[in-house]
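Below, chains carry the letters A, B, ... as their sequence lines are ordered, and counting in each starts from 1. Basis for what follows: all heavy atoms, side chains included, without hydrogens, waters or symmetry-related copies.
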Amino acid sequence: MAGLNNCSGYSSKDGSDLRSFSNALYQKVGTWKRKERQFSMSGLSAYQKEEGEGVNPILRQPDADEPLIFSGSNSDKDELAVRRCIVEETRDTDQIRKRSRHAYLQGRKEKKLLEIEQKVRDHENLFEGAKLSQAEEMDLMYLRNICEIAKKPLEGDYTGGYKMPDAYDLDGAINQEKRFSVAKRASTNTEAVQMMNTFSAQEAWEAQQIGKSIYKFGSQDRNKTCDYSYILEDQIDSVKGSVLNGNKEPNRVEKDRKLRKALPIYSYREKLLQAVKEHQVVIIVGETGSGKTTQIPQFLHEAGYTKHGMVACTQPRRIAAMSVAARVSKEMGVKLGHEVGYSIRFEDCTSEKTIIKYMTDGMLLREFLTEPDLGSYSVVIVDEAHERTLSTDVIFGLIKDLGRFRTDLKILISSATLDAEKFSNYFDLAPIFTIPGRQFPVEIHYAKAPEPDYVCAAMKMVLQIHLRQPPGDILVFLTGQEEIEVVDEKLRDLTRGLGTKIGELVICPIYANLPNELQAKVFEPTPEGARKVVLATNIAEASVTIDGIKYVVDPGFCKIKTYNPHTGMESLLVNRISKASAKQRAGRSGRTGPGKCFRLYTEYEYEHDLEDNAVPEMQRTNLANVVLTLKSLGIHDLVNFDFMEPPPSEALLQALEQLFALNALNVKGELTKTGRRMAELPLEPMLSKMVVASDKYKCSDEIITIAAMLSIGNSVFYRPKGKEVQADNARRNFNAGTFGDHLALLNVYNSWKWTSFSTQWCYENYIQVRSMRRARDIRDQLEALVKRAEIEITSNLNDLNAIRKAITSGFFLHAAKLQMHGSYRALRNHQTINIHPSSVLAQELPPRWVVFHNLVLTTREYMRQVTEINPKWLLDIAPHYYQLKDVDGPKTKKMPHSQGKSRISH
DNA sequence: GAGCACTGC
């Protein structure tokens, strides 16, 4: 019951138990409502009369330590105005909700329900009359339970827990246990609510539910007149949990900025240098604000480590590398690019004088290719190691190996979290050095009960904070663009017209695909008297820092890319965040002053359902590129390569197979000449194979454009809300005379080039300038590298067949054949797939043979970026992979759809 | 006729 004593919303100060308290509370609310109806003719004055009686317990029940902003005399008037507005707006809310994720989930749920019901029937038929084993009975009961749960509407469906997506495992099959675990847990909840007495959060929830039912009993006609209660009455109760340690005092901030010596790390200087002197590898745990990234390289320089080589410090992000380098060069009083520099893709800001070099981790990996012993470095610092990016993990393996014969090389691994033990074990029990951070304290509040719909809950929470908490900006973490747009629209609707009655809400969305000029709004200072609400994706967790955030709303979800090596399919799934992420998110509120973090999940869920750390990227990605890099570094035994956490062996094998098929590896698993050329290019292997092959077809100019356009991904076309039709029309202009998306992308780039890279042209055609500039950068880089690899740049724009052949050379593994009903069958694994509706070819008569760039799993399995090919090319280009019967079997001539028996030999 | 988190070379 410890949690209850801390609860901030309804805590009873006289010690009476929660149930009777909430009971009384709801009765009070009921009275209040009835009175309001009585006085509806002059509602406002009725309020003023009642002032002082505690008429509105929800807003008038202040926390002991939490002053209300409504303490002034106008509070009830203001609040009434808010409610009035909400009454009016609720009429529209239903419609908005229909378009929201909510409705989307409901639709999917219904589909699923039909499937499950059929399954139950099947089961029942199968086992009719037979005696069931206990396990079978459990199974059946469990399916029935799911049916029951699925039948309930989403709104108010407290039994359903969080809405979780289907769980896919790396081994290909859908993991049924994982998939239904949420439902399973929920079903036990409904059947035996009494069983949930093991933890306080659940108890509190139960008490609240009982309180609600009592309240309903007393006001049956509530739905007719009291729609406005939607937001405030159904408020989210939170329990105050732990406080993230903070040791920073507000008045010291300014001083700290000026005094390097005031940073916490400074007092550890001598000890740290001693540790580095005695050990080759040192693990540094430094919390945010400890100054480790800026100070440690300077310490090492002062201690003389730069006499025999540079100090390298890797960062996972470009911006971090640039900005830290700029700050350090300022501190040292040297010009950026001289003694202190940075090195990122497209930009090498270093010189011969450089002794401290900040760089992205991918860049250090590239340096391994040109200088395998890292001879020009004396110290390598791997910063932000806890993020476990693909490059960081590969660097770990390489540098651990390198350290064995370069004993003079010092290695520092710096991480923000407490999984330092893992790092230490990996690096042969390297000593761990802990430096305290300097941050403001952050109060953590947990939800008292699980929230069924986190989008809706987040919205309520924002309004609650806005009404109840002192000024300060709010940061809300959502999973994607769609959610952000829904919440944005709904919040705008709800607060429209409040104007002067209540502080204005300035709503700023931010996600990576949002055009720059719209992103900039987030960083503008909040107007006087207003409150900024930032709706962000994970971008705000580490990549973007917004000043002035005082409150964080954390629903506890994010989208994570998963990869299935069997089908070669990747999918973005909404998933729980890790404890480390939750901590990081909370910390975003304590940057400029003490903050508060409202987690929309219970403390129990935090403790038991969240993993400590996110799954490293290595475990959930296509490894072809990693394997190619390692092979070109001369590492042949990949199975025994010392990964910190080895990737799944299937993924490794699949990557080897793919590289073999692409002719990058020979039968012995050694790198071929083609493979060596491919490794030079900063592209995925299939794309780099395409580029290498373009030499043969004399169309390298076009192919590198296509490769650049494909590697910027899906952010070329911009489709603003409300202008979808115009955007789609503009997009269609590029499709004329093409055989598919690849050539359409080529058209886009060339058209832009012919307008001399006009920004205006991009706006007119609903194309994202930022992405196009990036494509141009990549294209320029590729052009230089291709020339260095002695591939001649030749343009052959008129011979579209040559271009398509070159594409096929890279993507023959991704070939598919039309079946009946317009779906396709992948030649590699006979999987049924479809053309993505956004593709050029989705508009036209489906071609019989295609190659595609990648597969995504959303509602169905879709191919994105599809181009028509001639099946004979497959035989010409990949005779080692395809045989005549694969593309031209005797049966296929008459019955093109019954080709299932043909087999692919490797 | 569907909806793509974030990086990096």
CG of A/L857 versus P of B/dC4: gap in Å, rounded? 10 Å
Roughly how many Å is it from CZ in A/R864 to P in B/dA2, rounded to a whole number? 15 Å
Out of A/R779, A/M772, A/H742, which residue meets the side-chain contact (heavy atoms from CB on, under 4.5 Å) rule with A/M709? A/M772
Identify the heavy atoms of A/T354 and A/G341 that sit nearest to each other, and give their distance. CG2-N, 3.9 Å
May I ask you to say what [X] touches in the nucleic acid, namely base, sugar-phosphate or nothing, with a heavy-atom cut-off under 4.0 Å?
X      : answer
A/I539 : sugar-phosphate
A/A842 : nothing
A/T389 : nothing
A/I344 : sugar-phosphate
A/Q781 : nothing
A/R345 : base
A/T537 : sugar-phosphate

Can you list everything that forms a ring pair (Phe, Tyr, Trp, His ring centres under 6.0 Å) with A/F641? Sequence neighbours excluded, please.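 Ring pair (Phe, Tyr, Trp, His ring centres under 6.0 Å) check on A/F641 returns A/F643.
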5'-most contact on DNA chain B (nearest-nucleotide basis), A/Q481 vs A/S711, goes to A/Q481
